[in-house]
Amino acid sequence: MSALALIRSGTPQGAQPFERFVLTAEAWAELPAALLAEPALALLGMWAEPGVVHAGFLDEESGAILFASAPAEGGRYAALSPARPGAIRFERAIRDLWALVAHGAVDDRPWLDHGRWGIAGPMSGNPAPRPGAEPPQPEFLPVEGEGIHVIPVGPIHAGVIEPGHFRFHIQGECVVRLEARLGYKHKGTLSLMLGKTVRAAAAFAARLSGDSTVAHGWAFAAAAEAALGVEPPPRAVALRAAMAELERIHNHLNDWGFVCNDAAFAFPHARCGFLREGVLRACAAAFGHRLMMDRVLPGGVALDIAPGGGEAILAALAAVEQDIPSLLRIYDSHASLQDRVVGTGFLDPGHARRFAAGGFVGRGSGRRFDARIAPGYAPYDLLAPAMAVEAGGDVDARVRVRIAELRGSIVLVRRLLMALPEGPTLAPLPARAGEGAALVEGFRGECLHWLRLDDGGLIRAVFLRDPSWLQWPLLEAAIEGNIVADFPLCNKSFNCSYSGVDL
Amino acid sequence: MLWPRLVRALVGRPLTDQAAAAPQDTVVALGERMAASARVRLGRSLSIREVDSGSCNGCELEVNALANVAYDLERFGLRFVASPRHADVLLVTGPACRNMTEALQRALDCTPEPRWVVAAGDCAVDGGVFKGSYAVEGGVGAVLPVDLLIPGCPPSPAQLLEGLLALIEAEAAPGQK
Ligand code: SF4
């Protein structure tokens with residue numbers, strides 16, 4: 001049986017709008033082999049509940065999204081990592097949080113659990129106390145060869161960035177292997193959401209990764225609305241999209257500047273920083289918060305756009321638009337900068353496909369996926385944004401995808417603000433059972449949120465999957481063979497979220 | 001072209017905002033915490049080491065924005081440094097995640113005295129929305145001795161600047177101790 005047929009042979013659960021099928025443990029155990037034979041079925045994520053494992057898939061041929069679940073009998077389930085490398089970190093996280101073991105896993109080292117929580121399996125339903133235990137030393141993958149030495153970096157880095165540990169194995173100037181160890185920012189976000197109403201839990205989705213607060217807030221709200229069968233008012237939908245595009249703009253500007261700065265080219269950094277500041281101030285004027293945190297709520301948006309806010313945004317965007325051509329000329333015409341970005345940090349398109357990498361990481365390596373276009377959601381069905389794709393796979397290609405998106409987003413915001421529908425901005429929510437999921441394209445890629453509510457409308461199970469889950473491992477591949485000095489450039493061109501995957 | 005733009009920027013008006021004054025009561029309170037000898041050592045400039053103890057990264061965005069040309073924090077004698085060994089201030093963002101406790105303590109141990117510890121953002125103040133999680137100790141104060149709290153989620157660059165300027169002013173104030 002094909003993997004798709006295998007999943008669809010399970011019992012449908014009535015999840016909206018993407019169906020979830022519950023398989024028997026035996027049927028699930030056939031999945032790895034079936035997946036190997038069916039490369040077009042991409043793994044989007046894996047998570048669990050006490051005694052149950054879940055996985056999300058995207059059929060790259062039809063664009064269909066579906067979920068599969070199976071009981072983990074005796075705390076074990078068949079690992080998907082032999083068929084899908086993207087599963088590795090999910091399986092490690094599932095063991096740490098839900099104490100379920102992936103049988104036949106490629107890698108069974110701990111991931112989020114550094115041995116410092118005082119309990120083991122915090123979300124397993126009956127966490128085991130582990131008082132005062134000495135945290136174990138992390139194990140890293142071995143590297144063999146002549147003249148290899150190790151550079152350990154972090155968790156605290158030299159710049160103003162998030163904490164994580166990078167272990168470089170170096171031969172001469174070149175990186176032989178990079179291995180990231182994350183989890184330092186694990187905050188127990190998912191466990192804090194359980195038992196709350198979706199309105200109360202929205203604050204956690206908004207704080208999964210602050211730079212994507214709108215995208216994650218929207219994905220969470222859309223999943224909750226799907227579960228409850230609620231349609232957000234059209235005005236709220238348009239305002240969400242305007243905020244999401246503004247978020248894309250400010251992040252793309254920021255990282256374009258930072259990539260140049262990491263090549264020691266200060267002017268674009270200064271200029272992008274100034275333009276971005278203008279956008280953030282306009283966001284504050286229009287929505288009362290520079291990053292627009294907590295503005296998207298299940299049912300709609302928290303506040304309507306302030307009077308004069310639209311004009312402030314349009315003025316800030318006009319300044320950005322006016323400056324892009326000359327910034328681009330400067331970016332293009334300086335050999336010292338081009339020398340650093342072209343050909344650096346090459347990500348093989350095959351790897352991008354195998355990991356189903358979203359966002360500019362995937363699209364910079366030719367993977368044509370943008371959740372706004374397919375599976376698509378309102379209001380993008382009417383706006384029909386263009387997809388920016390580059391084939392180069394290097395730092396430069398990722399930057400160019402972002403510059404193209406920056407320009408596209410400016411046009412989208414203008415169109416949205418010009419034709420804002422009238423009416424209310426927040427719909428009431430019923431308190432009842434349901435299950436829903438949503439994919440929303442943030443600046444980094446698609447944010448996948450899934451949740452199930454009990455009869456009282458309280459969260460029984462939830463997972464928030466940041467796009468970085470499928471991009472972080474690719475950074476390790478892209479840096480291979482590059483010089484150590486180019487790591488900051490490569491890292492910034494990926495700009496994966498630490499908080500988003502540390503949960 | 002870059003050169004004509006640089007020349008125009010040189011003769012044009014600066015893009016930088018006017019600075020706001022530091023709040024006086026905070027300055028006085030901070031001054032009382034600092035010995036006169038330390039004041040002489042630090043002078044009117046501070047090196048800041050930002051340490052993220054588990055933020056959502058929203059606070060980092062605003063701390064980074066402090067360095068953009070609109071806020072230009074270097075004009076006040078404030079600058080970010082790459083190591084706690086070079087720092088006078090540890091600017092800590094995020095709740096105190098248990099997985100970061102050891103790194104936080106080591107960062108403090110590496111920071112020479114006299115020094116300030118600033119907890120920036122609601123999470124750093126008391127754990128924020130992550131209070132009570134199995135993975136979080138609480139605010140930064142649960143792990144490090146904190147001198148100054150800057151609330152906000154995230155605090156805006158203007159609020160951050162106000163707090164940092166209060167540190168500088170406290171050093172300039174005549175000795176109380
Ligand atoms: S205070 Fe707010 S912005 Fe800062 S880390 Fe906490 S949740 Fe994020």
Side-chain angles (χ1 to χ4, degrees), chain A residues 112-114 116-119 122 127 135 154-163 183-189 191-192 203-204 206-211 213 250-251 254 258 267 269-274 276-278 280-281 284 290-291 293-294 326 329-330 333-334 497-500 502-503, chain B residues 1-2 4-6 9 15-17 48-72 80-84 91 93-95 97-104 106-107 110 121 123 127-136 153-154 156-157:
Chain A
L112 299 176
D113 185 355
H114 294 187
R116 295 171 190 269
W117 300 333
I119 49 171
I156 299 177
H157 299 275
V160 180
I161 55 170
E162 302 180 75
Y184 290 92
K185 314 188 86 176
H186 180 72
K187 299 184 265 297
T189 303
S191 80
L192 290 167
F204 295 98
R207 286 161 181 76
L208 183 67
S209 183
D211 51 15
T213 180
H250 85 70
N251 279 297
N254 205 32
F258 267 100
F267 179 80
H269 177 52
R271 199 61 211 164
C272 286
F274 182 71
R276 173 176 178 269
E277 181 64 27
L280 294 186
R281 289 181 185 185
R290 286 164 54 92
L291 305 178
M293 196 174 261
D294 296 325
S326 78
R329 261 198 309 280
I330 290 168
S333 63
H334 283 78
S497 172
Y498 299 67
S499 182
D502 282 356
L503 295 170
Chain B
M1 283 294 286
L2 183 57
R5 294 199 56 168
L6 289 179
L15 300 170
T16 310
D17 290 347
I48 306 165
R49 174 61 248 190
E50 199 270 352
V51 178
D52 173 353
S53 62
S55 81
C56 76
N57 79 30
C59 280
E60 274 64 58
L61 289 180
E62 295 297 49
V63 171
N64 261 323
L66 271 180
N68 75 29
V69 294
Y71 299 103
D72 185 21
F80 292 115
V81 292
S83 165
L91 177 66
T93 55
C97 284
R98 295 211 152 105
N99 285 355
M100 276 300 287
T101 308
E102 187 183 342
L104 262 188
R106 286 207 204 175
C110 291
C123 288
V129 298
F130 303 104
K131 238 189 314 236
S133 159
Y134 61 86
V136 166
C153 184
S156 66

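Naming convention: chains lettered A, B, ... in sequence-line order (proteins, then strands); numbering from 1 in each chain.
Comparing B:T93, B:V129, B:L91, B:V63 by heavy-atom pairs within less than 4.5 Å of chain A, the highest count is held by B:V129. Interface summary for chain A: among B:L15, B:V51, B:V136, the most heavy-atom pairs under 4.5 angstrom belong to B:L15. Interface remark: of the candidates A:I330, A:T213, A:I119, A:T189, A:I330 forms the most heavy-atom pairs closer than 4.5 Å to chain B. Ranked by non-hydrogen atom pairs under 4.5 Å with chain A, the options B:S55, B:S53, B:A107 are led by B:S55. When B:M100, B:E62, B:R106, B:R5 are compared by the number of non-hydrogen pairs under 4.5 Å with chain A, B:R5 comes out ahead. Interface remark: of the candidates B:V69, B:V81, B:L104, B:V69 forms the most heavy-atom pairs closer than 4.5 Å to chain A.
When heavy atoms are compared at a cutoff of 4.5 Å, A:N254 approaches chain B solely by way of its side chain, counted from C-beta outward. For B:D17, the part sitting under 4.5 Å from any heavy atom of chain A is the side chain, from C-beta outward, and nothing else. Using a 4.5 Å cut-off between heavy atoms, A:R290 touches chain B through its side chain atoms alone. No part of B:P84 comes within reach of chain A, as not one of its non-hydrogen atoms sits under 4.5 angstrom from that chain. Looking at A:S209, both its backbone and its side chain come within 4.5 Å of chain B, counting heavy atoms on both sides. Only the side chain of A:H334 comes within less than 4.5 Å of a heavy atom of chain B; its backbone N, CA, C and O stay farther away. Using a 4.5 Å cut-off between heavy atoms, B:Y134 touches chain A through backbone and side chain atoms alike. Contacts between A:P163 and chain B at a heavy-atom distance below 4.5 Å involve backbone atoms as well as side-chain atoms. Only the side chain of B:L6 comes within contact range of chain A, with at least one heavy atom under 4.5 Å from a heavy atom of that chain. Proximity to chain A is absent for every atom of B:C123, based on heavy atoms less than 4.5 angstrom apart.
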As a quick check of understanding, evaluate side chain to side chain contact (heavy atoms under 4.5 Å, CB included) for B:R49 and B:S83, giving each step before the final call. CA-CA 6 Å; B:R49 174 61 248 190; B:S83 165; 5.6 Å; no

Walk me through whether A:F258 and B:N64 qualify under side chain to side chain contact (heavy atoms under 4.5 Å, CB included). CA-CA 11 Å; A:F258 267 100; B:N64 261 323; 4.0 Å; yes

Using side chain to side chain donor-acceptor pair (under 3.5 Å), reason through A:R116 and B:T101 one step at a time and then give a plain yes or no. CA-CA 9 Å; A:R116 295 171 190 269; B:T101 308; over 6 Å; no

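B:N68 pairs with exactly one of A:E277, A:R276, A:R271 by the side-chain hydrogen bond (donor to acceptor under 3.5 Å, both in side chains) rule, that one being A:E277. The only option from A:E162, A:R207, A:H186 that meets the side chain to side chain contact (heavy atoms under 4.5 Å, CB included) definition with A:S499 turns out to be A:E162.
Using cut-offs of 30° and 60° on the angle between ring planes, the pair B:F130 and A:F204 is perpendicular. Using bins of under 30°, 30° to 60° and over 60° for the plane-to-plane angle, the ring pair A:Y184/A:H114 lands in the perpendicular bin.
A distance of 11.5 Å separates CD1 in A:I161 from CD1 in A:I156, rounded to the nearest 0.5 Å. Atoms CZ and CG, on A:R329 and B:L2 in that order, are 11.5 Å from each other to the nearest 0.5 Å.
Taking every heavy atom of both residues into account, B:C97 and B:G54 meet most closely at SG-CA, 3.7 Å.
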